[in-house]
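Side chains included, hydrogens not; waters and symmetry mates left out as well; all remaining heavy atoms used. Quick note on labels: first sequence line is chain A, next is B, and so on, each numbered from 1.
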Amino acid sequence: MSAQDTLLYLDGVSVSFDGFRALNSLSLVIEPGEMRAIIGPNGAGKTTMMDVITGKTRPDTGTILFEGRTDLTSLREPAIANLGIGRKFQRPTVFEMHTVWDNLELSLKAPRRPLKTLTYSATKEDRARIEEILDITRLSPRRDRPAGSLSHGEKQWLEIGMLLAQDPKLLLVDEPVAGMTDAETEQTAHLLKDIAGKHSVIVVEHDMVFVRELGVKVTVLHEGSVLAEGSLDSVSANKQVIDVYLGR
Amino acid sequence: MLTRFFLMGLDKKAGVLLTVLAVLAVAVPVMALGTAPDSPWHLSTHTVALLGKYLCFALLALSLDLVWGFVGILSLGHAAFFTLGGYAMGMYLMRQIGSRGVYGNADLPDFMVFLNWTELPWYWHGFDQFWFAAIMVMVVPGLLAFAFGWFAFRSRVTGVYLSIITQALTFALMLAFFRNDMGFGGNNGLTDFKEILGFDIQAASTRVGLFVATVVALAIGYILASAVVASKLGKVLIAVRDAESRVRFLGYETDRYKLFAWTLSACMAGVAGALYVPQVGIINPSEFSPASSIEAVIWVAVGGRGTLAGPVLGAVLVNFGKSYFTAALPELWLFALGGLFVLVTLFLPKGILGLAAQLRERLPARATVTAKPADQKGV
Amino acid sequence: MHRAFCWLLAAFLALAAPSAFSANLGAADLAPLVRGLGAGSYADTEKALAGLAETGDPAVVPVIEALQAGDLHIRKADGAVVVAKRAGNGYALTDPLTGAALGEADRNAVEKIRINNALRRTISATLGALTLMSPDANTRRQAAEAVFKSRDANALDALNMALAKETDERVRRAMTQARASVLLAGDASDADKIAAVDVLKERGDQDALALLNGTANSVSNGGSDAVKDAATKAIASVEQRLALWGAAQNLWYGLSLGSVLLLAAIGLAVTFGVMGVINMAHGEMVMIGAYATFLVQEAFRQWAPGLFDFSILVALPVAFLVSGAVGVAIERSVIRWLYGRPLETLLATWGLSLALQQAVRSIFGPTNREVGAPSWMSGAFELGGLTITYGRLWIVVFAFLVFGALLVALRKTWFGLSIRAVTQNRSMANAMGIRTARVDALTFGLGSGIAGLAGVALSQIDNVSPNLGQGYIIDSFMVVVFGGVGNLWGTLVGALALGGVNKFLEPYAGAVLGKILVLIFIILFIQRRPRGLFALKGRAVEA
């Protein structure tokens, strides 16, 4: 398959820390508009993969192309984010001192240069968009509260809201339902499926119920490379996968 | 549009502070010049200069709060920017002495004649013009801060590492300025000034004029800092302070934001230094010492970092205490200052204004959940 | 003058040659000769001087030296020749031969024996000749060195005489060199001069180089081309050797400064490097160690002056315990509330440093306190072209001992294991039954105690004042950060590297500029490698 038509194209990506190979010649392709779930045991390289894509960690070897042409390995985090790659962290990271509204305003797609932000004031469209996201994430009643005072689940949702405000082409979502109740988990799954219509999404998750709920193509990582790929049912039947992960 | 930008940061706190400054700008001239020397309302030239000095320190504290309180950069080298601004002004004042120096040399300051120099070094040219010196007061500290910040922020030096190298920076400058062949008067620095803009620098009216200029500079600095902090840029800065890497993943080049605040802060510190020099009458390399930078940090901590008004209050209070102690109980001053460092960090992490805000929040509305303060980010 | 000198020398040599050392007369026999120095005219003085020289008795050397220094006076009352030194308003008198005190005298009661330039030359030649024959090898060697410097042609005969009798190898060498120096200055034959050039080439120091340069460039005093050639070649050889020794000397200075930096930084490597606590009062721990040394020495001076040489050894454990105890107190009272807030820790400990400085200033006063060096730490020895003082040598040795001991303590002891366990995973260590709070306090105490040890060493080379610590705090942080936080070997390499670079820059840039350059270098270096030379890599660091 040609790299040209893909949204994200990883080929032979390796990273090691002090001799430990976190990623071992990892190859992965995400198509425009696709939603992909990534599963794997602890230490399989899921978070490192996200770090490599978003520029936090530089790979030792390998190619990472975005939209088939932009080489991500030479770019810094902000440049990658501005290309249209958004990331939600495993531990919800919101700006605790800022209000919910300000968190969304900061994330909103707008010029990112210092002098532009110095003179920025929210337009009518900007405000409408923030209102809309507040509705989607059910945070409207909390809009003027500092993000630090939100509950864990609300913070997760705020962070998803921030991703929406960024309006990226590709969302990387790391364990979005960790620490959520069953009801919240279900709502989150719906929310992500809604988003997937307009954006490509990569979800890293441990929770099998949640992954089943998403009903998308699954990639199983093991020791830094791809072990199996396919529907959840087909990978669940894969003997290797059962050995390293599911069967335990 | 511009007015709106400058007004948007002003709140009740700002109102109080600006009112106090306005009162000072009127009352001090009246009391210093309009009353008889034996009147109880009379302010001596000495007192006016002392008040002026406090306000210069307040402006320095304000500039420090901009980077420490809002971006989380603890600078232990802000005295460097302050002193560089002071030297730029001092060079202008030296050139104004003209042929009235001890050696009567119209072209060279006394210390250069003393060192047997025959011509003015290139970097002293232009400083006989006030407008040039006034620009340099901001440009020199600004450029240094820009160059330093450019390297430091790009390579992601943060936390205590950054603090320690800012300290090394001001220490290196101190050693450099102690050298005679730097051309800044070595040990003795620059002093024996005669006049500024044609006014006798010793005259009571000139001192009052300088005081008012300081009040105005502080007010402008405050309004500017408030506006920056209240803008979206200010929100990005606070976000950088609390979770820098998260801001990067939102697509903001955090280095540039830090560089902006850092350079602006250095320029403000430079202005404070420039106003300080004519009022105390001397500038020498000991102002660069790391200790003076750290002392400025405690003014900010006492007043309350991240509040803008707090540091102004803190600078005035601590320096008033210093004037009192060093005159009445000189032995105890370092104990008091040292104790202040310990007590404020242990018991008053948000300073006086922070404490006031906490009390106000707690008393009327027990029902509302107060915001958890974000923990200081580690190294 | 010249005639008088020849006469003097001839008389002296005639006497000295067969039995110079056995011809010593008693003080009583010398006394009339000494008295003759004050007889009146310059000529009389010169004659008396010759008489004294004839005796060849080393006892007359101090008399002639006093004459040279202008201390010899005539007591008007009885015409006696005395040494008179200013004391208060008058003079304190001593006997020139015996050194016995003769009471005090009014300013008008004595008259100075005056000397002119001609006499002065005779005096130094006489002294030179006398001392060249001295029974004491050191005196003879110094005399030879004096001739080497003065290049006095008049001393040549005396030198030849002395050389013929000399048995001590080192003195012989000094005399040969002095002879070469004199020969090159005069109009000796080419062969003699070339031989002299060789001797100077052997000597190979700055002085020899200066003489050789003079020879190579001399046109006026008729130096032939052969001599000049030889001198030019010798210069090249000497310069090369000097450059080599110069580098070695710099290396030693660098090692010496590096070991001082290491001592100052090593405690910080524990508190900052291992625990991550920014202790701005670290310099004051060093200062307290230095004052502890002072107190121990005072106690020795008071009660056991004979054992003073051991005071430093006693000071070591005392300083370690005192600084360590202060450290533990600081940790328990302030720092433990501030873990995880490095910037606040920095400010609070800075405040403590101010208070500690003022406390010491209030107790001991603001001036420098005198800390003495034990005899085994004073003096110096030469190693080829190097001069090494014992004090510096011991500090280098001590720094490495402390470093080694700390390394062993951290690696091999239960306490060291606990420290590493707590720094790597606090909650797990807690769960394993390690009392983490206690380990914190003791670790901080260990770092502070080591700073106290550094204070003992630094009291030997620095002023013991309340500001002692201030001078080291920035350097120490630079060393630890440069070497890589959390890595003791990094601290060692950092200290030695910075010490070396500093000392190698000094000859070109001067001490202050050198230091500034080093600071700028570190600032730039930290920006390139924010985690220092030996950084830990990987996930653990990023957290």
Highest number of heavy-atom pairs under 4.5 Å with chain C among L346(B), I164(B), V297(B), I294(B) belongs to I294(B)
Between F153(B) and the options T158(B), V71(B), L259(B), the side-chain contact (heavy atoms from CB on, under 4.5 Å) test singles out L259(B)
So, the part of S333(C) with a heavy atom under 4.5 Å from chain B: the answer is backbone
Note: vs chain C, highest number of non-hydrogen pairs under 4.5 angstrom among A176(B), G339(B), A168(B), P290(B) is A168(B)
So, the part of L347(C) with a heavy atom under 4.5 Å from chain B: the answer is both
Honestly, the part of L354(C) sitting under 4.5 Å from a heavy atom of chain B is both
Under 4.5 Å to a heavy atom of chain C? For A336(B) that would be neither
**Message:** side chain to side chain donor-acceptor pair (under 3.5 Å), that's the test. Do N284(B) and S286(B) meet it? Break it down for me.
**Reply:** CA-CA 6 Å; N284(B) 65 33; S286(B) 64; 2.6 Å; yes
Turns out that what part of L513(C) lies under 4.5 Å from chain B's heavy atoms comes down to both
Mind checking whether Y123(B) and F184(B) have ring centres under 6.0 Å apart?
yes
Checked L332(B), I298(B), L162(B), L74(B) vs chain C; the most non-hydrogen pairs under 4.5 Å come from L74(B)
Exercise. Which is it for T349(C) and V334(C) under the side chain to side chain contact (heavy atoms under 4.5 Å, CB included) test, yes or no, and what are the steps along the way?
Worked result: CA-CA 8 Å; T349(C) 49; V334(C) 176; 5.8 Å; no
| request: Decide yes or no for Q358(C) and L337(B): does some side-chain heavy atom of the first lie under 4.5 Å from some side-chain heavy atom of the second? | output: no
Practice prompt. Please step through side chain to side chain donor-acceptor pair (under 3.5 Å) for the pair S63(B) and D65(B), ending with a clear verdict.
Written response: CA-CA 5 Å; S63(B) 74; D65(B) 192 33; over 6 Å; no
Whether over 12 other heavy atoms sit under 6.0 Å from W117(B) CH2 = yes
Okay, F178(B) and chain C: the region with an atom under 4.5 Å from a heavy atom over there is neither
Bottom line for L76(B): the part with an atom under 4.5 Å from chain C's heavy atoms is side chain
Counting heavy-atom pairs under 4.5 angstrom with chain C, the leader among L340(B), L334(B), L169(B) is L334(B)
Under 4.5 Å to a heavy atom of chain B? For I474(C) that would be side chain
So, F347(B) versus W337(C), ring centres under 6.0 angstrom or not? no
